[in-house]
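Down below is the structure, laid out as structure tokens.
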Amino acid sequence: MIIKLKKNINQELINNITEKLDNIAYKSNIVSTQYADYIIGVGKNEIDIRSIGVLEGVDDIHRVTSSAKLVSRKWKTQETIIDLGDDVKIGGGHFQIMAGPCSIESEEQIETTVQHLLDNNIKIMRGGVYKPRSSPYAFRGLGLEGLKIFYKHCNAKGIKIITEVMMTDQIDGMYDYIDIFQVGARNSQNFNLLDALGKLDKPVMLKRALSGTIDELLASAEYIFSNGNEDIMLCERGIRTYETAYRNTFDINSIPLLKKKSHLPVIIDASHGVGIREFVEPVSLAGVIAGGDAVITEVHQTPQIAFSDGAQTLSHKEAKIYYENIRKTVEFRKGLKRF
Ligand code: PEP
Ligand code: MN
């Protein structure tokens with residue numbers, strides 16, 4: 001059960017609630033986020049939640065039996081909106097395009113990409129400085145020094161940054177230079193990393209694991225929320241199946257399902273989801289129709305010489321048409337009737 005506490009509740013009242021939970025053999029977990037305080041009651045006994053709901057200091061109470069509770073729509077029916085400042089929002093009807101290279105490669109590349117994003121009215125740039133690569137001999141990113149240059153150019157032009165954090169030790173160094181922490185597919189169940197990101201007040205985009213189920217993704221998001229950070233986005237980036245004709249299988253089904261199960265925004269990553277340049281657009285458009293709240297897409301001035309993921313990366317020329325079609329599809333979606 002989720003018990004949302006009233007603002008400025010005192011310790012005595014909290015103790016009173018946890019005692020009552022104790023009496024009915026429910027374990028109390030206190031969760032304090034940047035927005036509110038909660039008690040998550042976990043137990044097996046059938047109870048009438050009204051007996052807890054009437055206690056002083058309780059603002060709201062819901063029974064949620066799944067293990068992913070705070071991220072569930074059963075408790076919070078309103079969609080979460082991630083507010084990055086300067087009127088850049090994701091979720092709850094606010095759609096964003098995030099674009100940029102797989103890897104940050106050079107200052108010149110950053111400058112060219114920033115200009116490309118400005119020309120196309122895009123507010124969020126992606127680009128990895130810590131790269132998870134299948135081979136240890138592949139390019140593994142420019143690290144913190146690269147991030148500082150990335151930040152210098154984006155900050156000067158009002159562009160927000162999303163970039164991947166691979167381990168807890170990197171968080172402090174990155175914190176001042178980014179707007180969204182990306183958790184990659186390979187770290188989707190790195191619970192220590194999720195715990196640490198949950199202690200921050202910066203948004204996190206959590207990717208689905210290579211072979212992760214929807215419930216595992218939601219459980220990972222619950223780690224972040226229950227540690228105190230409510231600003232989470234879920235990202236469908238394709239899963240591994242028996243099919244080898246493309247890099248991953250973009251699970252279109254996950255988009256409406258995640259939107260139904262959770263109040264968190266759902267992000268479409270068709271670049272990794274299909275892994276083939278010419279299919280990134282149709283798969284992204286399908287994701288938009290399915291209900292996604294943003295796309296995150298790999299673009300590069302010369303994909304043929306990109307340091308990583310060139311085969312799934314759009315050129316800036318292709319990307320221009322892509323953005324137009326994404327925007328048209330977002331508008332088209334608004335006109336659809338829902339039953
Ligand atoms: C990336 O975004 O470049 C990336 C490495 O993604 P994923 O974790 O989905 O493989
Ligand atoms: Mn990539």
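When a ligand or atom number is given, it counts from 1 through the structure's own listing order.
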| Aromatic ring pairing Tyr223/Phe191, orientation class (parallel under 30°, perpendicular over 60°, tilted between) | parallel

| task | Quick one: report the N, O or S atom of Asp309 that is nearest to the Mn ion (ligand 2). | result | OD2

| task | Take Glu164 and Arg126 through the test salt bridge (charged side-chain N to carboxylate O under 4.0 Å, His left out) and record every step on the way to the result. | result | CA-CA 9 Å; Glu164 177 165 354; Arg126 64 147 287 146; over 6 Å; no

| Can you tell me how far the NZ atom of Lys74 sits from the CZ atom of Arg63, to the nearest 0.5 Å? | 11.5 Å

| Pick from Lys89, Lys259, Gln96: which one makes a side-chain hydrogen bond (donor to acceptor under 3.5 Å, both in side chains) with Asp293? | Lys259

| N/O/S atom name from Glu298 that is nearest to the position of the Mn ion (ligand 2) | OE2

| field | Heavy atoms of other groups near Glu12 CD, more than 12 under 6.0 Å | value | no

| said: Tell me if the aromatic rings of His300 and Phe307 count as close, with their centers under 6.0 Å from one another. | reply: no

N or O contacts of ligand 1 with protein under 3.5 Å, please list pair by pair.
| residue | atom | partner | partner atom | Å |
| --- | --- | --- | --- | --- |
| ligand 1 | 2 (O) | Arg126 | NH1 | 2.9 |
| ligand 1 | 2 (O) | Arg126 | NH2 | 3.4 |
| ligand 1 | 2 (O) | Gln182 | NE2 | 3.0 |
| ligand 1 | 2 (O) | Lys207 | NZ | 3.1 |
| ligand 1 | 3 (O) | Arg126 | NH2 | 2.9 |
| ligand 1 | 3 (O) | Lys131 | NZ | 3.0 |
| ligand 1 | 3 (O) | His272 | NE2 | 3.1 |
| ligand 1 | 3 (O) | Glu298 | OE2 | 3.3 |
| ligand 1 | 6 (O) | Lys207 | NZ | 3.0 |
| ligand 1 | 8 (O) | Ala185 | N | 2.8 |
| ligand 1 | 9 (O) | Lys207 | NZ | 2.8 |
| ligand 1 | 9 (O) | Arg237 | NE | 2.6 |
| ligand 1 | 9 (O) | Arg237 | NH2 | 3.4 |
| ligand 1 | 10 (O) | Arg186 | NH1 | 2.9 |
| ligand 1 | 10 (O) | Arg237 | NH2 | 2.8 |

| task | Would you mind reporting whether Phe181 and Ile171 have side-chain heavy atoms less than 4.5 Å apart? | result | yes

